[in-house]
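Some notes on the structure that comes next.
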Number of protein chains: 2
Amino acid sequence: MTRVTIQQVAAAAGVSPSTVSNLLNGRTNRMVPATKERIERAIAELGYRPNRAARQLRTGRTQTVGLIVPSVGNPFWGAFARELEVAALAVGCNVLLCNSERDPDRERRYVEELWEDGVRGIVLCSSLPTLDHLADIVRRGLRLVTFDRPAQAGDPEEVVSVSINNHVGGFLATSHLTELGHERLTFVSGSLAAVNRTGRFRGFCTALEGADLDPAAMPTWTAGGGAPFGDVEAAQVGRQAAHDLFSGTVEPPTGIVAINDMTALGFCRGLRDQGLHVGKDVSVVGFDDIILAELYDPPLTSVRQPISRMASLSLEEALKEDDREPGRSVLLRPELVVRDSTASPTGATAPVVADEDGVLQ
Amino acid sequence: MTRVTIQQVAAAAGVSPSTVSNLLNGRTNRMVPATKERIERAIAELGYRPNRAARQLRTGRTQTVGLIVPSVGNPFWGAFARELEVAALAVGCNVLLCNSERDPDRERRYVEELWEDGVRGIVLCSSLPTLDHLADIVRRGLRLVTFDRPAQAGDPEEVVSVSINNHVGGFLATSHLTELGHERLTFVSGSLAAVNRTGRFRGFCTALEGADLDPAAMPTWTAGGGAPFGDVEAAQVGRQAAHDLFSGTVEPPTGIVAINDMTALGFCRGLRDQGLHVGKDVSVVGFDDIILAELYDPPLTSVRQPISRMASLSLEEALKEDDREPGRSVLLRPELVVRDSTASPTGATAPVVADEDGVLQ
DNA sequence: CTAGTTTAGTGCATCGTTACACCGGCATCG
DNA sequence: CGATGCCGGTGTAACGATGCACTAAACTAG
């Protein structure tokens with residue numbers, strides 16, 4: 001019923017609480033092996049588990065990292081959260097998950113709260129253009145890792161970032177379409193007020209230029225600057241875009257690059273609303289390669305993020321204590337996974353060489 | 001830089017720390033209004049926030065509830081986690097999220113850890129047949145709410161449950177198919193070693209009997225008893241089922257009831273692998289009505305769980321302190337949402353009356 | 001006017017762990 | 001032989017909030 005304390009362990013092992021504490025904190029060089037074993041036996045026999053609250057009160061630290069995502073309702077973030085938890089578990093950490101819904105206020109409140117709760121670090125999945133709202137907390141020592149938001153000029157230099165190269169991602173997606181022969185493309189996104197998104201968009205433009213197409217001539221569809229960035233909303237945005245683009249008087253595009261898979265899936269749904277066929281009438285490329293991309297009909301061509309690797313890297317950085325390497329920015333390379341939602345504009349099947357998994361080499 | 005403590009507030013307000021503590025804990029009847037105001041002003045001016053660790057060490061309580069889900073990678077759980085967080089936020093609580101991956105060991109470890117960390121209650125999304133592995137912790141006072149797992153005989157009586165009526169859900173899904181004229185149905189699931197799953201299956205059988213069909217004559221497809229219950233796995237299970245059922249020599253079913261939407265979507269994918277069309281060649285009903293059900297092609301008929309309502313109820317129960325009503329089991333009624341993945345076996349469109357939203361009245 | 005009661009607020013021990021300062025004893029050194 | 005250094009380990013004062021037991025002052029009743 002009542003918890004086992006360090007004193008009871010000490011008594012059982014015939015040493016002082018200090019010595020037990022020393023063992024617990026890895027200062028084993030301060031004791032003879034026999035003592036160490038006695039203590040370890042006592043711990044095992046009594047089933048002792050250190051009291052986190054007491055420990056934290058004393059040291060001001062936790063074994064917890066905070067994770068702030070836009071919304072776990074979005075399968076991409078759900079999958080990432082899961083990966084981060086796996087990584088954390090492996091090093092004896094906990095993950096405290098928060099949904100910001102991409103609201104800067106809520107984001108700040110969560111960061112403050114986590115900081116006051118003494119988390120070791122925070123992995124922030126946000127792509128707000130500035131980190132000004134968090135600058136003071138970072139200066140006060142918070143270990144902040146931004147995920148999918150490469151470091152920007154003006155960021156506090158202590159901030160580390162882990163991200164894919166969004167420019168390359170946007171480029172891969174787009175040049176896949178131009179290589180298939182598409183010449184009228186549209187970039188579909190909710191608000192572009194996020195640095196990962198502008199990166200993807202720049203990749204889109206670069207690829208167009210490489211194919212001798214004029215980015216300025218391509219309509220870009222973005223939702224109003226409004227807030228919605230969740231799971232439902234992302235799909236809604238895509239669906240709305242399809243309605244807008246294919247019901248007007250202007251000539252619609254033959255290829256679409258969507259900001260993420262949920263938007264892409266929503267877009268596909270919108271196309272169907274109008275009797276159009278994805279992969280035949282219109283080619284669609286998504287981004288993130290969530291599990292559902294492969295299950296969809298047609299299976300969705302998408303830019304894959306190596307979330308498992310990114311999760312371990314993020315965690316590592318969030319836990320790093322001493323050898324700070326300020327402003328470090330890790331950029332991983334995304335992969336294009338070609339499936340059936342893309343084809344040449346004539347309607348022929350994509351003549352693309354890919355391995356069994358659909359990964360373009 | 002350094003935190004504001006209760007002593008500083010007390011000094012600023014010209015009272016003792018005890019009085020500030022009294023205010024903080026709602027014992028305002030013990031002080032004159034003027035004092036109360038002075039303290040409140042001091043708190044605001046200094047930006048004081050109570051130290052959680054200290055508070056917890058002293059009281060043994062937290063403002064945190066634990067949430068254990070099989071895997072947030074599954075959009076259903078992601079959506080539920082988000083709803084629970086919303087509910088918690090509204091009453092000033094935090095949610096600590098854990099993925100059990102449906103591993104009883106991991107589940108138990110998490111429960112223990114959360115309990116030792118002093119959470120106020122735990123919402124456990126698990127449907128293991130017994131709670132034996134948690135019985136002792138519950139007896140020691142843990143406030144446990146099981147989600148989507150109605151109370152079973154043999155459960156510790158302190159446990160409360162919040163769930164839909166799975167029997168009704170299975171019944172709704174199945175009778176929808178029989179009413180369409182289907183006579184060869186298959187229930188597709190990963191392991192059935194979970195009470196919510198057996199409930200759905202019983203509903204399946206009841207509906208068959210109601211339609212004068214023999215449940216025993218219907219093949220049930222279940223994956224081996226193995227562990228996998230995650231997001232990837234659920235879809236994989238469905239896909240495998242489709243391969244098995246439609247490649248053998250036995251006459252395949254015309255209608256499928258899947259244990260959840262991920263499995264249903266995987267199943268649809270598997271049908272396509274073999275050139276079959278969902279909603280034409282085979283009707284498929286899912287369960288949960290995740291956001292992707294509507295986006296899918298064809299949009300998936302599914303049994304909707306009222307997750308928002310369930311989340312608030314779960315939270316409420318998890319926080320309830322005193323008036324324990326042991327063994328309470330809340331069962332909500334699920335809704336069938338009819339979309340295009342189901343039709344009569346001839347291939348005609350479903351002649352079902354539904355409102356604009358697809359909700360069957 | 002005194003004894004008793006209520007009001008408004010305080011003192012202090014305490015939760016379990018940590019880490020710095022310290023200490024006795026033994027070995028080594030010049 | 002006395003001084004020095006190291007080894008293995010201990011004593012103790014916090015960390016910040018809580019809440020019981022207590023009290024001084026004001027008020028009430030008889």
Side-chain angles (χ1 to χ4, degrees), chain A residues 1-40 42-43 46-64 92 113 115-118 120 141 321, chain B residues 1-40 42-43 46-64 92 113 115-118 120 141 321:
Chain A
M1 172 71 199
T2 90
R3 294 197 47 131
V4 180
T5 75
I6 202 171
Q7 280 90 350
Q8 298 173 34
V9 174
V15 294
S16 78
S18 305
T19 305
V20 180
S21 173
N22 282 335
L23 172 59
L24 255 32
N25 293 291
R27 286 181 287 269
T28 56
N29 57 326
R30 287 201 165 286
M31 73 196 69
V32 93
T35 310
K36 184 183 165 205
E37 271 169 40
R38 270 206 331 282
I39 300 176
E40 277 167 350
I43 288 178
L46 298 175
Y48 167 71
R49 314 266 312 247
N51 179 316
R52 273 222 177 75
R55 196 174 241 185
Q56 187 190 338
L57 176 58
R58 187 67 245 255
T59 63
R61 317 193 155 263
T62 345
Q63 281 301 96
T64 302
E113 202 169 304
W115 167 243
E116 284 174 358
D117 283 358
R120 299 223 358 220
E321 206 58 16
Chain B
M1 173 70 203
T2 91
R3 295 198 44 133
V4 180
T5 74
I6 202 172
Q7 281 87 354
Q8 298 173 33
V9 173
V15 294
S16 78
S18 304
T19 304
V20 180
S21 173
N22 282 336
L23 174 58
L24 255 33
N25 293 65
R27 288 180 286 268
T28 55
N29 57 326
R30 289 201 164 287
M31 74 197 67
V32 93
T35 311
K36 185 183 164 207
E37 270 169 41
R38 273 209 328 282
I39 300 176
E40 277 167 350
I43 288 178
L46 298 174
Y48 168 71
R49 315 269 309 248
N51 180 316
R52 272 220 177 75
R55 201 172 236 187
Q56 187 189 340
L57 175 58
R58 190 66 244 260
T59 64
R61 317 194 154 261
T62 346
Q63 280 301 97
T64 301
E113 203 170 303
W115 167 243
E116 284 175 358
D117 283 359
R120 298 223 358 222
E321 205 59 18

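Numbers restart at 1 for each chain; the letters A, B, ... are given by sequence-line order, proteins then strands.
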Just the rounded figure in Å: distance from [atom2] of [N] to [atom1] of [X].
X: A:Arg61; N: C:dT18; atom1: CZ; atom2: P; result: 13 Å
X: A:Arg27; N: C:dC20; atom1: CZ; atom2: P; result: 8 Å
X: A:Arg3; N: C:dC15; atom1: CZ; atom2: C1'; result: 11 Å
X: B:Glu116; N: C:dC15; atom1: CD; atom2: C1'; result: 16 Å
X: A:Leu46; N: C:dG16; atom1: CG; atom2: P; result: 15 Å
X: A:Arg30; N: C:dC23; atom1: CZ; atom2: P; result: 15 Å

Side chain to side chain contact (heavy atoms under 4.5 Å, CB included) between A:Thr5 and A:Asn51, worked out = CA-CA 8 Å; A:Thr5 75; A:Asn51 179 316; over 6 Å; no

query = Is it true that a side-chain atom of B:Arg3 and a backbone atom of A:Glu116 form a donor plus acceptor pair closer than 3.5 Å?
reply =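 Pair found, side chain donor or acceptor close to backbone of A:Glu116.
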
ask   = Quick one: does B:Thr59's side chain have a donor or acceptor within less than 3.5 Å of a partner on B:Arg55's backbone?
value =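 A pair under 3.5 Å: yes.
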
task = Could you pick out which residue, A:Arg58 or B:Met31, lies toward the 5' side of DNA chain C when each is mapped onto its nearest nucleotide?
result = B:Met31

query = side chain to side chain contact (heavy atoms under 4.5 Å, CB included) between B:Ile6 and B:Leu24: does it pass, once the steps are laid out?
reply = CA-CA 10 Å; B:Ile6 202 172; B:Leu24 255 33; 4.0 Å; yes

message = So if I take residues 4-16 of chain A and measure heavy-atom distances to DNA chain D, which residues fall below 4.0 Å?
response = A:Val15, A:Ser16

inquiry  = In the structure I gave you, are the side-chain heavy atoms of A:Pro17 and A:Val20 within less than 4.5 Å of one another anywhere?
reply    = no

query = Quick one: is A:Arg55 getting a side-chain N or O under 4.0 Å of the C:dT18 phosphate, OP1 or OP2?
reply =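 For A:Arg55, the contact criterion (side-chain N or O under 4.0 Å from OP1 or OP2 of C:dT18) is met.
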
inquiry  = So, OP1 or OP2 of C:dT10: does either fall under 4.0 Å of a side-chain N or O from B:Thr19?
reply    =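 The answer is yes; a side-chain N or O of B:Thr19 sits under 4.0 Å from OP1 or OP2.
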
task = Could you check whether A:Thr59 gets within reach of a base, just the sugar-phosphate, or nothing at all, counting any heavy atom under 4.0 Å?
result =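 The residue A:Thr59 makes sugar-phosphate contact but no base contact.
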
ask   = How would you label the contact of B:Asn22 with the nucleic acid (heavy atoms, under 4.0 Å): base, sugar-phosphate, or nothing?
value =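 Base contact - B:Asn22 has a heavy atom under 4.0 Å of at least one base atom.
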
ask   = Passes side chain to side chain contact (heavy atoms under 4.5 Å, CB included), B:Thr35 versus B:Leu23? Steps please.
value = CA-CA 10 Å; B:Thr35 311; B:Leu23 174 58; over 6 Å; no

remark   = Rounded to the nearest 0.5 Å, the OH atom of A:Tyr48 sits from the CD atom of A:Glu40 at a distance of 13.5 Å

note = Value for CZ (B:Arg52) from CD (A:Glu113), rounded to nearest 0.5 Å, stands at 5.0 Å

inquiry  = Surrounding CZ of B:Arg27 (heavy atoms of other residues, nucleotides or ligands, distance under 6.0 Å), is the total greater than 12?
reply    =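 More than 12 within 6.0 Å, yes.
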
request  = Could you check which of C:dG9, C:dG16, C:dC12 has an atom nearest any side-chain atom of A:Leu57?
outcome  = C:dG16

message = Distance under 4.0 Å to a non-hydrogen atom of chain A counts as contact; along DNA chain D, which nucleotides mark the start and end?
response = D:dG8 to D:dG16

